[in-house]
Amino acid sequence: MSDPDKITGDTVKADFNAIEAVIHYTRAAHDLGLWESERLLLERHFADRDGPLLEAGCGAGRVAVALHRLGYRAITAFDFAPEMVDQARSLAREREAAGIAFLEADAVGLAENPAIPADHFSGALFLFNGLGQIPGRDRRRRALTGIREKCRAEARLLFTTHDRDANPVERAQWKREAALWARGECDRRLAEFGDRYFVHEHGRTFMHLPDQAEVRADLAATGWIHEWDAMRDEIARERRAVRDFSDNCRFWLAKKS
């Protein structure tokens with residue numbers, strides 16, 4: 001039986017359906033569009049604009065609608081928060097992005113979801129650290145497995161994570177955090193080292209912050225071949241609005257084995 005005080009998928013879903021989060025992500029979808037780093041990597045590794053793309057954790061439609069404007073015409077995007085999906089559909093109508101299939105679905109149960117066909121997609125996306133917003137390593141691996149099962153052979157997956165080894169400040173912070181966990185003084189709502197639960201002006205956010213070894217192991221365990229990774233600021237210099245919206249993160253590119 002699960003601990004009622006622990007952060008769960010239901011906790012995260014409720015946080016994303018909260019009005020503060022919906023407003024925050026809807027504004028970003030309307031005003032930001034693609035980050036420069038995202039645009040560069042998408043055009044480099046997903047050059048076939050007619051190939052079917054699957055976007056997990058689409059939120060309010062920021063990426064999917066921007067992709068449509070770049071000429072991508074076979075996009076299926078899903079999110080487990082119905083309020084976000086409603087906003088994504090509204091944005092698509094406003095921007096005349098007809099043809100994007102927005103669905104309410106959970107990445108953790110994707111493999112069993114008949115509404116999204118198996119062995120169909122030529123590429124998949126899980127951007128803005130969506131994978132890390134799934135509590136529980138086994139559930140994150142289920143999401144990676146589900147995305148793989150929906151993709152064709154040789155399909156690419158582009159996703160982002162935080163990186164707790166990214167710089168000396170992060171390493172020092174997580175060294176202190178490790179000492180708290182060792183003494184049993186960590187936040188009792190959290191299940192795994194690397195978990196954080198933020199309360200901020202836009203609501204509440206759960207995030208699991210992995211190191212690189214963890215991500216590589218999760219890819220290997222779920223049938224993905226790691227091809228490349230780099231921090232966002234190594235790929236492009238983002239405009240100020242993007243940097244205010246999101247901290248630096250690590251991009252990962254993997255191929256279905």
Side-chain angles (χ1 to χ4, degrees), residues 12 16 21 24-47 51-70 72 75-81 84-85 87-88 91-92 97 100-103 105-108 110 121-134 140 143-144 146-148 150-151 155-163 205-210 215 218-219 224 226-236 238-239 241-255:
V12 178
F16 273 105
H24 177 59
Y25 288 104
T26 299
R27 284 175 175 166
H30 281 255
D31 299 338
L32 284 185
L34 287 178
W35 307 346
E36 180 63 10
S37 52
E38 291 171 335
R39 185 190 65 79
L40 288 171
L41 294 175
L42 287 161
E43 292 185 339
R44 183 181 305 162
H45 299 291
F46 300 80
L53 284 180
L54 179 66
E55 187 195 0
C58 67
R62 179 182 69 85
V63 172
V65 173
L67 281 172
H68 188 275
R69 296 185 73 181
L70 286 178
Y72 293 83
I75 304 167
T76 297
F78 70 89
D79 200 283
F80 74 160
M84 292 290 183
V85 176
Q87 293 299 321
L91 178 64
I100 303 175
F102 285 111
L103 305 174
D106 190 336
V108 176
L110 190 63
F121 296 93
S122 60
L125 312 171
F126 207 164
L127 297 174
F128 197 31
N129 308 323
L131 183 66
Q133 292 176 307
I134 300 174
R140 291 189 292 276
L144 288 170
I147 294 170
R148 182 186 182 278
K150 301 300 183 180
C151 287
R156 261 66 180 187
L157 167 64
L158 180 68
F159 66 103
T160 62
T161 68
H162 284 288
D163 182 351
T205 301
F206 169 84
M207 185 68 67
H208 178 76
L209 287 73
V215 178
D218 288 347
L219 290 172
W224 293 98
H226 169 262
E227 291 197 316
W228 173 89
D229 63 86
M231 294 300 291
R232 184 179 72 184
D233 60 4
E234 298 172 330
I235 300 165
E238 301 291 351
R239 60 194 188 277
V242 172
R243 287 182 279 126
D244 287 345
F245 176 68
S246 167
D247 293 337
N248 200 18
C249 56
R250 181 169 294 278
F251 278 88
W252 298 85
L253 185 72
K255 180 176 69 173

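Side-chain atoms are counted along with the backbone in the values below, which use heavy atoms only and exclude waters and symmetry mates.
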Within 6.0 Å of CZ in Arg239, more than 12 heavy atoms from elsewhere: yes
Considering all heavy atoms, the nearest Leu41-Trp228 contact: CD2-CH2, 3.7 Å
Atom pair NE2/CD1 of His68 and Ile100 - distance to nearest 0.5 Å: 5.5 Å
Leu103 and Phe80: CA distance, side-chain angles, deciding distance, side-chain contact (heavy atoms from CB on, under 4.5 Å) verdict: CA-CA 8 Å; Leu103 305 174; Phe80 74 160; over 6 Å; no
Heavy atoms from other residues, nucleotides or ligands near CZ of Arg243 exceed 12 (cutoff 6.0 Å): yes
Atom pair CZ (Arg140) and CZ (Phe126), whose distance is rounded to the nearest 0.5 Å: 11.0 Å
Phe78 side, atom CZ; Asp106 side, atom CG - distance, nearest 0.5 Å: 8.0 Å
Steps toward side-chain contact (heavy atoms from CB on, under 4.5 Å) verdict (Leu70, Leu34): CA-CA 10 Å; Leu70 286 178; Leu34 287 178; 3.5 Å; yes
No-hydrogen, no-angle side-chain donor-acceptor test under 3.5 Å, Thr161 and Trp252: yes
Over all atoms of both residues, closest heavy-atom pair of Ile75 and Ala64: CD1-O, 3.6 Å
For Glu36, all residues meeting side chain to side chain contact (heavy atoms under 4.5 Å, CB included), sequence neighbours excluded: Arg39, Leu40, Ala236, Glu238
Shortest non-hydrogen contact from Met84 toward Tyr25: CE-CD1, 3.4 Å
Any residue meeting salt bridge (Lys or Arg N to Asp or Glu O under 4.0 Å) with Asp163, in chain and number order, not counting sequence neighbours: Arg250
side-chain contact (heavy atoms from CB on, under 4.5 Å) assessment of Asp218 paired with Trp224: CA-CA 9 Å; Asp218 288 347; Trp224 293 98; over 6 Å; no
Lys150 to Leu54 - nearest heavy-atom pair and separation: CB-CD2, 4.1 Å
Side chain to side chain contact (heavy atoms under 4.5 Å, CB included), paired with Phe102, selected from Thr76, Asp79, Val65: Val65
Residue pair Glu227 / Arg156, side-chain heavy-atom distance below 4.5 Å: yes
Glu38/Arg232 ion pair, N-O < 4.0 Å: no
By side chain to side chain contact (heavy atoms under 4.5 Å, CB included) - contacts of Leu53 (at least two apart): Phe46, Leu67, Tyr72
Ala155: partners by side chain to side chain contact (heavy atoms under 4.5 Å, CB included), with sequence neighbours left out: Cys151
Nearest heavy atoms of Val215 and Pro210, plus distance in Å: CG2-CG, 3.6 Å
Side chains of Leu158 and His45 in contact at under 4.5 Å (non-hydrogen atoms): no
Closest approach of Leu32 to Ala241 (non-hydrogen atoms, all atoms of both residues): CD2-CB, 3.7 Å
Interatomic distance, His226 atom NE2 to Leu157 atom CG [nearest 0.5 angstrom]: 11.5 Å
From CE (Met231) to NE2 (His162), nearest 0.5 Å: 9.0 Å
Contacts of type side chain to side chain contact (heavy atoms under 4.5 Å, CB included), residue Ala29, not counting sequence neighbours: Ala60, Arg62, Leu91
Aromatic contact, Phe128 with Phe159 (centres under 6.0 Å): no
CG on Asp229 to CD1 on Ile235, rounded to 0.5 Å: 9.0 Å
Verdict with reasoning, Ile134 to Val12, per side-chain contact (heavy atoms from CB on, under 4.5 Å): CA-CA 8 Å; Ile134 300 174; Val12 178; over 6 Å; no
Set of side-chain hydrogen bond (donor to acceptor under 3.5 Å, both in side chains) partners for Trp35, sequence neighbours left out: none
